[in-house]
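Atoms within each ligand, like the ligands themselves, are counted from 1 in listed order.
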Amino acid sequence: MNIQQNISLKKYNTFGIDVNAKRFVSVDSFYQLQSVLEQEKNIFLLSGGSNMLLTNDINKLVVHVNIHGISIDKETDDEVFLTVNAGENWHDFVLWCLEQDYGGLENLSLIPGNVGTCPIQNIGAYGVEVKDTITKVEGIEIDSAKRIEFSNEACLFGYRNSIFKNELKDKVVLTSVSFCLTKRNHTLNTSYGAIETELKAKGITSPTIRDVSNAVIKIRQSKLPDPKEIGNSGSFFKNPVISTEHFQELQEKYPSIPSYKVSETEIKVPAGWLIETAGYKGKRFGDFGIHEKQALVLVNYNNADGKDILKLARKIQESIRTSFGISLEIEVNIIS
Ligand code: EPU
């Protein structure tokens, strides 16, 4: 294996944090990765680097999963089953699906990161989660360096959650994800308010999957910073779920508080609204801050230290606890 020494990880994480990797290896096939894992167990995995905040140099061997390729496993008149290797860029894969007229992922357009990490946090946007189309996930168990396969059920998907964030954290490396997508009679998810408004504004009454993707791209571009321009990891916090009683108390004080019903007893409130109401939206502290258009996103304007961004996150958590009695959970992986 070709191990490089002292590599800056700045271009390998969408937050653009400049930490040093003492040793770094990029693998471009399943077997190369397997051979690395046969020799080294103390590794730090890097794929798209889109859901992490690096706060220190990395002393473990950094393994960059750079395995490419898409293959069609099976198709019928209605559906296609395909397997995509972990190193494929997520949005490029979504665009490729649109070119083939494969439906199911259009609402997940423009999400940063690679295919291999999409199951870990069960990426979701505009009423769709990736778990709805995943049939199987394949990987390598780090301890045994053996191939391991997970059915959709075995992934224990939840809101921004899966088995790979819990029991199997740091135990497997995902190498490919298999999907079932539609070839015709696509099920469109346009009920998310902003998509409907966007389609209406364009005078589109019977949208195609490409129209939905274009609407999503437009909405995301208007609210979320492009990591190529401003370093970020998307939503830094999860949207918290609170009891109906707690919500009613807050609603008396803040009549305009947005909410989504989760169950008869639970309500989800947008963390972005809480952070904005606490006065943080758009605040800048030198090289880092809170995005001006979406308070849920912390940003690195240039050369911020991950530790400072983490300190800001802790300060926001404290402030939301004091103002609203709500504990905000961090959504990105903090690497210390
Ligand atoms: N809001 C504010 N101020 C803000 C941000 C949001 O008041 O600064 C309010 C909005 O006005 C709206 C509500 O909060 O009433 C929801 O906002 P939005 O539709 O932007 O969605 P979100 O709940 O803030 C979630 C996901 C995003 C995803 C969008 C669209 C989480 C943690 N985040 O954000 O995911 O794109 O919905 O589906 O669930 C990501 O995970 O990285 C991500 C960007």
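With a 4.5 Å cut-off on side-chain heavy atoms, Phe30 and Arg147 count as touching. Between Arg210 and Glu106 there is no side-chain heavy-atom pair separated by less than 4.5 Å.
Shown in contact with Leu296 at under 4.0 Å from a heavy atom are these atoms of ligand 1, numbered in order with element: 24 (O), 32 (C), 33 (N), 34 (O). Each of the atoms 15 (O) of ligand 1 lies under 4.0 Å from some heavy atom of Pro258.
The closest approach between a heavy atom of Arg160 and any atom of ligand 1 is below 4.0 Å. Using 4.0 Å as the threshold, Arg220 has a heavy atom nearer than that to some atom of ligand 1. The closest approach between any non-hydrogen atom of Phe236 and ligand 1 is not below 4.0 Å.
The heavy-atom pair separating Leu54 from Phe44 by the smallest distance is CD2-CZ, 3.9 Å.
At a heavy-atom cutoff of 4.0 Å, ligand 1 is contacted by both the backbone and the side chain of Ala125. Counting heavy atoms under 4.0 Å from ligand 1, residue Tyr159 touches it through the side chain alone. Under 4.0 Å from ligand 1, heavy atoms of Ala295 appear from its side chain as well as its backbone. Of the heavy atoms in Glu276, only side-chain atoms (C-beta onward) come closer than 4.0 Å to ligand 1.
Considering backbone and side-chain atoms together, Lys281 places an N or O closer than 3.5 Å to an N or O of ligand 1. By the 3.5 Å distance cut-off applied to N or O atoms, Asn239 is counted among the residues near ligand 1. In terms of N/O distances under 3.5 Å, ligand 1 is not approached by Gly234. Remark: ligand 1 and Gln121 share no N or O pair separated by less than 3.5 Å (distance only, no angle test). Taking distance alone, with nitrogen or oxygen atoms compared against 3.5 Å, Lys293 stays at or beyond that limit from ligand 1.
Residues Val137 and Ile123 share a hydrophobic cluster, clusters being chains of Ile/Leu/Val/Met/Phe/Trp/Tyr side chains in contact below 4.5 Å.
A cation-pi arrangement, defined by a distance under 6.0 Å to the six-membered ring centre and an angle within 45 degrees of its axis, is absent between Lys268 and Phe247.
When atom types are taken as modelled, the side chain of Ser109 and the backbone of Val216 share no donor-acceptor pair closer than 3.5 angstrom. Remark: the backbone N or O of Gly116 is not paired with any side-chain donor or acceptor of Asn114 at under 3.5 angstrom. In this structure, Lys307 contributes its side chain and Thr55 its backbone to a donor-acceptor pair below 3.5 Å. Formation of a donor-acceptor pair under 3.5 Å by the Asn66 side chain with backbone atoms of Asp28 is not found in this model.
Between Phe93 and Phe179, the gap from one ring centroid to the other is short of 6.0 Å.
When the options Arg321, Arg314, Lys315 are evaluated for a salt bridge (Lys or Arg N to Asp or Glu O under 4.0 Å) with Glu318, the one that passes is Arg321.
Nearest to atom 14 (O) of ligand 1 among the protein's heavy atoms is Pro270 CB, 3.2 Å. Counting protein heavy atoms only, atom 40 (C) of ligand 1 is closest to Ser235 OG, 3.0 Å. Residue, atom and distance of the protein heavy atom nearest to atom 6 (C) of ligand 1 are Gln294 OE1, 3.8 Å. For atom 16 (C) of ligand 1, the closest non-hydrogen atom of the protein is Tyr260 OH, 3.1 Å.
Distances from atom 17 (O) of ligand 1 to the heavy atoms of Lys223, Glu129, His291, Lys238 put Lys223 nearest. Remark: among candidates Tyr126, Trp273, Tyr192, the nearest residue to atom 21 (O) of ligand 1 is Tyr192, based on non-hydrogen atoms.
Distance check on atom 11 (O) of ligand 1: every protein heavy atom falls at or beyond the 4.0 Å cut-off. For atom 4 (C) of ligand 1, a protein heavy-atom neighbour is present inside the 4.0 Å cut-off.
A salt bridge between Lys131 and Glu153 is absent, with no side-chain N of the basic residue lying under 4.0 Å from a carboxylate O of the acidic one.
A perpendicular orientation is assigned to the rings of Tyr254 and Trp273, their planes being inclined by more than 60° (bins at 30° and 60°).
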